[in-house]
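This structure is a prediction, so every number in the text was calculated from the model and none was measured. Just so you know, ligand 1 is whichever comes first in the structure, and atom 1 is the first atom listed for that ligand.
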Amino acid sequence: MRVLVVGSGGREHALVRKIKESKKVDYIACCPGNGGISYDAECFDVSATDIDGVVKLAKEIKADFVVVAPDDPLVMGMVDALNAEGFATFGPRANAAIIEGSKVFSKELMKKYNIPTAKYNVFDKAEDVINYIKAENEFPTVIKADGLALGKGVIIPETLDEAVAGVKEIMEDKIFGDSGNNVVVEEFLTGPEVSVLAFTDGKCVKPMVTSMDHKRALDGDKGLNTGGMGTVSPNPYYTDEIAEECMNTIFLPTIEAMNKEGRTFKGCLYFGLMLTPKGPKVIEYNCRFGDPETQVVLPRLKTDIMDIFEAINNETLSDLDIEWDDRACTCVIMASGGYPKSYPKGIEINGLTDGQLDGVTVYHAGTKRDGDKLVTSGGRVLGVTALGETIEDALAKSYAGVEKIKFDGAHYRKDIGQKALSALK
Ligand code: AMP
Ligand code: GLY
């Protein structure tokens, strides 16, 4: 098979590497890819949001299968366009990707089908939001832009002043564009967070092994929200009992709800969950593999990933047994100085040979090849990943790898996995 992967981050690198292991695959292309991916796949300079460009590329390289990884092209309908041209695909169509593309849609879906989530209200005027928050006078509160916002569309103000400033940025300054036309204000929930990625063909749902993300920029969950600074798998808070409860109250009801709405979801559905004192609740849905969750989940996958993708495409997923490695996996993100705010690009990265390092797998996110050199080209630069018998073993390997990789301004969290380890004590 000839496979095309659309996207350019660490998640896409993890997908490319796993697809490369497939017995069925003899050629992998990626668009646009990145410096590290270019060692594993042929990269083409076509943007991940250029629907016509990707369809054209898929034809040119005679792709047998196209995997669309990022949220924007899915929400924009790239899978629909590829299917219309006869390509087999992995990823939901636009009418199902809306589960991530609109928070208002997903909150209304959960309300209609009694899927547990935070209580909420929707607003389309800044003034109404502020009046509501003033009247409620409960802090922290949670304000979410309706549409896609690079994982940064959620603010959790501790004071009224912070809320006013945040609402102004989202709804008046439009820092996320039209994504901020509507906002959801919701109840602040507490408890450990769990990311569950699940394969679904719309008929059955097969959760993958779980993971825990670390969204804040700094140690101790301080600093700004980021796309994710590191992950560990499994997530020890997620017991078998909780897994069963989530299957019955969240996963199956969501798949059924989407079917009833005429929006059958096929692909990877990401459940961002919070294990609250009142039971597991949905914090968010994503219509795709998480980043950096994928970097710790896919290394544990033993089944041929193309068998899974084909079964989902053919709606025969229930016939397939998916096997997982019992070992733990950890990923520590090395980011550019300044991230998640502005950061320099083009900084030379030292310590890697052909993009890799012995003892770990280095998934590249924001890197570029510049002659013989590798340089930074994004906020999250590398995900230093390792398998180990325990989370502690895997972390020791990931951090030993991080110590050997150098670029000016690099920053990373030193406490990835500590919360997971404390759950085990
Ligand atoms: P999201 O982009 O929706 O995943 O939100 C980013 C982060 O904000 C989540 O990972 C949570 O840590 C936090 N968050 C979102 N919604 C809530 C909520 N209702 N209560 C508490 N924290 C939340
Ligand atoms: N790491 C969170 C996400 O992929 O949305």
Side-chain angles (χ1 to χ4, degrees), residues 7 9-12 14-15 69-72 74-75 97 99-107 110 116-121 136 138-158 166 170 176 179 183-198 208 210-217 220-233 235 237 267-278 280-298 331 333 335 340 363 365 379-380 383 413 416 419:
R11 162 186 57 204
E12 287 75 8
L15 279 161
D71 46 4
D72 305 78
L74 291 167
V75 171
I99 198 165
E100 172 169 4
S102 167
K103 301 252 189 218
V104 175
F105 171 85
S106 66
K107 294 300 285 190
M110 289 187 270
T117 188
K119 287 198 211 82
Y120 73 100
N121 280 283
E136 290 284 298
E138 270 175 35
F139 293 95
T141 184
V142 183
I143 305 173
K144 300 184 172 184
D146 176 36
L148 297 179
L150 295 169
K152 294 172 192 156
V154 176
I155 51 170
I156 306 188
E158 304 273 352
I170 295 175
F176 305 120
S179 288
V183 300
V184 172
V185 178
E186 66 179 36
E187 164 200 18
F188 178 75
L189 300 176
T190 55
E193 287 186 53
V194 184
S195 307
V196 181
L197 315 183
M208 302 178 215
T210 58
S211 54
M212 184 191 288
D213 193 5
H214 298 69
K215 288 212 166 89
R216 302 290 197 100
D221 290 334
K222 301 267 171 15
L224 294 170
N225 254 324
T226 69
M229 292 297 290
T231 35
V232 301
S233 174
N235 185 322
Y237 287 100
C268 171
L269 184 51
Y270 169 131
F271 298 89
L273 306 174
M274 195 170 271
L275 308 179
T276 77
K278 291 186 185 157
K281 296 194 181 187
V282 178
I283 290 281
E284 63 162 347
Y285 292 114
N286 291 325
C287 66
R288 51 171 175 85
F289 281 102
D291 187 342
E293 285 86 347
T294 307
Q295 288 88 314
V296 290
V297 169
L298 288 189
C331 172
I333 299 292
Y363 293 122
R380 291 187 293 176
R413 277 182 62 163
I416 299 302
K419 225 192 244 174

Closer than 4.0 Å to some heavy atom of [X] - which atoms of ligand 2 meet that?
X	value
Gly227	1 (N), 2 (C)
Glu293	1 (N), 2 (C), 4 (O)
Asp213	1 (N), 2 (C)
Asn286	3 (C), 5 (O)
Tyr270	2 (C)

Considering distance alone, does some N or O of [X] sit under 3.5 Å from an N or O of ligand 2?
X	answer
Lys215	no
Glu284	no
Gly290	no

| Option nearest atom 1 (P) of ligand 1 (shortest heavy-atom distance, choices Lys119, Glu186, Lys215, Glu284) |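 Minimum heavy-atom distance to atom 1 (P) of ligand 1 goes to Glu284.
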| query | For atom 5 (O) of ligand 2, what is the nearest protein heavy atom, given as residue, atom name and distance? | reply |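 Looking only at protein heavy atoms, the one closest to atom 5 (O) of ligand 2 is Arg288 NH2, 2.9 Å.
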| task | Find out whether Ile333 and Thr226 are in side-chain contact, i.e. whether some heavy atom of one side chain is under 4.5 Å from a heavy atom of the other. | result |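 Side chain of Ile333 against side chain of Thr226, heavy atoms only: no contact under 4.5 Å found.
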| field | pair Tyr237-Met212: side-chain heavy atoms closer than 4.5 Å | value |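 Yes. Closest side-chain heavy atoms under 4.5 Å.
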| query | Atoms of ligand 1 less than 4.0 Å from Lys103 heavy atoms? | reply |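 Near Lys103, meaning under 4.0 Å from one of its heavy atoms, ligand 1 has 3 (O).
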| message | Only heavy atoms of Ile156, strictly under 4.0 Å: list the atoms of ligand 1 that pass. | response |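 Per the distance check, 8 (O), 13 (C), 14 (N), 22 (N), 23 (C).
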[X] and ligand 1 - part of the residue with a heavy-atom distance under 4.0 Å:
X	result
Lys281	neither
Leu189	both
Glu193	side chain

| Identified side-chain contact (heavy atoms from CB on, under 4.5 Å) counterpart of Glu293 within the set Thr210, Val232, Leu197 |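 The side-chain contact (heavy atoms from CB on, under 4.5 Å) with Glu293 is passed solely by Leu197 among Thr210, Val232, Leu197.
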| query | Do the charged groups of Glu284 and Lys144 touch, with an N to O distance under 4.0 Å? | reply |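 Between Lys144 and Glu284 there is no salt bridge, as every charged N stays at least 4.0 Å from the carboxylate O atoms.
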| query | With the threshold set at 4.0 Å, does a side-chain nitrogen-carboxylate oxygen contact exist between Arg288 and Asp72? | reply |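 No salt bridge links Arg288 with Asp72.
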| So, does His214 use its side chain to make a donor-acceptor pair with the main chain of Gly230 at under 3.5 Å? |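 At least one qualifying donor-acceptor pair exists.
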